[in-house]
Engineer: 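Shown below is the structure under consideration.
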Amino acid sequence: MALIKFVIKLYLFTFRYRLKGYEQFNELASRKKRIVFLLWHNQLMGIVGFRNKNHRFVTMISRSKDGDMFTPIVESMGNNKVVRASSSRGAAAGTLEMLEFMNSGWHGAMAADGPKGPKYQVKSGGLYLAKKADCILVPLLMDCTRFWRTRSWDNFIIPKPFSKITMIFGEPIYVSDSLDKETMAAELADVQNKMMESTSANCKNIL
C-alpha cells in the first residue's frame, strides 16, 4: 500500500495546472468568507493533485478502500485535512467534524454526487453544511484533454501523466440559512442547475 501511495503521489506531481476563476475565490477569502467547494466524484483525481499553500481546506472522503488510499495523499497536498464519512456510515458525525474545522476558519470540500452517485446528481450534504457553517458554495471543476475513463458508476476520469489540467473555480452560489424542507428542495435544485451549467461550459473535453 505504501508503494502504491508513493506512485500515485509521484504521478500527481506531473500535472501542470492552469487556474480559472481563482482570483474570485481569493477575493472572497480575503474578506474572511468561508467556502464549501462542490466537485464531481469523477474529477477527483485531477483536483487532488493541486497543491494549495495559501488556504486551509478540510475535505470529506468516504469510508472506503479508495478513501483509505486517497486520505494520506490529500493531506500531503498543502494545508489539507480529511474527515472520513459517507452517506451510510458516520454522516452525522462527519458533518459535525467538518463544522468544527470550518468554524475555525477552514474552507470545506466534498464530492457533490459521491460516494455512490447517481453521477452528476447533487446531494444535500454540501448545501446543509454551507447553511450550518454560514458559507458560500462554489463549484470546483477540472478539465483536460488527455485522460482515461473507467467503467465505474461515475466514469472516473484519470488524467494521463504530464497532463495540462484546467482548474475552474466557479461562480459563488449564495444560500439562505433556512432548513425548511421546501426551501432546501428549491435551493438544491438551484445548486444542481448551476453546477451543471458550469460543468457544461467548462468541462467540454471530459463530458
Engineer: Look at atom CD of Glu27 and say whether more than 12 heavy atoms of other residues, nucleotides or ligands are closer to it than 6.0 Å.
Structural biologist: yes
Engineer: Applying ring-ring contact (aromatic ring centres under 6.0 Å, His included), name anything that partners Phe15, two or more places apart in sequence or on another chain.
Structural biologist: Tyr11
Engineer: Under the side chain to side chain contact (heavy atoms under 4.5 Å, CB included) test, which residues partner Ser76, sequence neighbours left out?
Structural biologist: Lys9
Engineer: Under the rule for side-chain hydrogen bond (donor to acceptor under 3.5 Å, both in side chains), what residues qualify as partners of Lys20, not counting sequence neighbours?
Structural biologist: Asn202
Engineer: Can you label the angle between the Trp153 ring and the His41 ring as parallel, tilted or perpendicular, going by 30° and 60°?
Structural biologist: tilted
Engineer: List the atom pairs, with distances to 0.1 Å, where a side-chain N or O of residues 125-143 and a protein N or O form a donor-acceptor pair under 3.5 Å, not counting sequence neighbours.
Structural biologist:
unit_1: Lys131; atom_1: NZ; unit_2: Ser176; atom_2: O; d: 3.0
unit_1: Lys131; atom_1: NZ; unit_2: Ser176; atom_2: OG; d: 3.1
unit_1: Lys131; atom_1: NZ; unit_2: Ser178; atom_2: O; d: 2.7
unit_1: Lys131; atom_1: NZ; unit_2: Glu187; atom_2: OE1; d: 2.4
unit_1: Asp143; atom_1: OD1; unit_2: Asn205; atom_2: N; d: 3.4
unit_1: Asp143; atom_1: OD1; unit_2: Ile206; atom_2: N; d: 3.4
unit_1: Asp143; atom_1: OD2; unit_2: Asn205; atom_2: ND2; d: 2.9

Engineer: Can you name the residues that form a ring-ring contact (aromatic ring centres under 6.0 Å, His included) with Phe13, not counting sequence neighbours?
Structural biologist: none
Engineer: Quick one: closest heavy-atom pair of Met195 and Val122, and the distance?
Structural biologist: CG-CG2, 4.1 Å
Engineer: Out of curiosity, Arg56 CZ to Arg34 CZ, how far, rounded to the nearest 0.5 Å?
Structural biologist: 11.0 Å
Engineer: Rounded to the nearest 0.5 Å, what separates atom CZ in Arg84 from atom CD1 in Ile61?
Structural biologist: 6.5 Å
Engineer: Can you sort out the partners of Phe57 under ring-ring contact (aromatic ring centres under 6.0 Å, His included), two or more places apart, ordered by chain and number?
Structural biologist: Phe37, His107
Engineer: Does Glu23 have any salt bridge (charged side-chain N to carboxylate O under 4.0 Å, His left out) partners at least two apart in sequence or in another chain, and if so, which?
Structural biologist: none
Engineer: Are the side chain of Thr183 and the backbone of Leu179 linked by a donor-acceptor contact shorter than 3.5 Å?
Structural biologist: no
Engineer: Please confirm whether the backbone N or O of Val74 pairs with a side-chain atom of Asn80, one donor and one acceptor, at under 3.5 Å?
Structural biologist: yes
Engineer: Could you list the residues that satisfy side-chain hydrogen bond (donor to acceptor under 3.5 Å, both in side chains) with Arg16, not counting sequence neighbours?
Structural biologist: none
Engineer: Keeping Asp113 on the side-chain end and Tyr120 on the backbone end, is there a donor-acceptor pair under 3.5 Å?
Structural biologist: yes
Engineer: Does the pair Val83 and Thr59 meet the rule for a side chain to side chain contact (heavy atoms under 4.5 Å, CB included), with working shown?
Structural biologist: CA-CA 6 Å; Val83 168; Thr59 304; over 6 Å; no
Engineer: Can you name the closest pair of heavy atoms from Asn42 and Lys119 and give their distance?
Structural biologist: ND2-CE, 4.0 Å
Engineer: Could you grab the distance from atom CG of Leu39 to atom CE of Met110, nearest 0.5 Å is fine?
Structural biologist: 9.5 Å
Engineer: Determine whether Met102 and Val36 satisfy the following criterion, side chain to side chain contact (heavy atoms under 4.5 Å, CB included), listing intermediate values before the conclusion.
Structural biologist: CA-CA 9 Å; Met102 298 189 71; Val36 175; 3.5 Å; yes
Engineer: When rounded to the nearest 0.5 angstrom, what distance separates CD1 in Ile8 from CD1 in Ile158?
Structural biologist: 9.5 Å
Engineer: Hey, what do you get for CG (Leu38) to CD (Gln192), rounding to the nearest 0.5 Å?
Structural biologist: 10.5 Å
Engineer: Return all side-chain donor-acceptor pairs below 3.5 angstrom for residues 159-171, not counting sequence neighbours, or 'none' if the list is empty.
Structural biologist:
unit_1: Ser163; atom_1: OG; unit_2: Arg146; atom_2: O; d: 3.1
unit_1: Ser163; atom_1: OG; unit_2: Lys160; atom_2: N; d: 3.1
unit_1: Ser163; atom_1: OG; unit_2: Lys160; atom_2: O; d: 2.4

Engineer: Could you work out, with side-chain hydrogen bond (donor to acceptor under 3.5 Å, both in side chains) as the rule, every residue matching Ser152, not counting sequence neighbours?
Structural biologist: Thr150, Asp154
Engineer: Under the side chain to side chain contact (heavy atoms under 4.5 Å, CB included) rule, collect the residues that match up with Ala185, sequence neighbours excluded.
Structural biologist: none
Engineer: Which residue pairs pass the ring pair (Phe, Tyr, Trp, His ring centres under 6.0 Å) test with at least one member in residues 170-203, sequence neighbours excluded?
Structural biologist: none
Engineer: Has the side chain of Asn193 got a donor or acceptor atom that lies under 3.5 Å from a matching backbone atom of Ala189?
Structural biologist: yes
Engineer: Would you say Ser104's side chain and Glu100's backbone share a donor-acceptor pair under 3.5 angstrom?
Structural biologist: yes
Engineer: Test your reading of the model: is there a side-chain donor-acceptor pair from Ser198 to the backbone of Lys194, 3.5 Å cut-off?
Structural biologist: no
Engineer: Between atom CH2 of Trp106 and atom CE of Met98, what is the distance when rounded to the nearest 0.5 Å?
Structural biologist: 11.0 Å
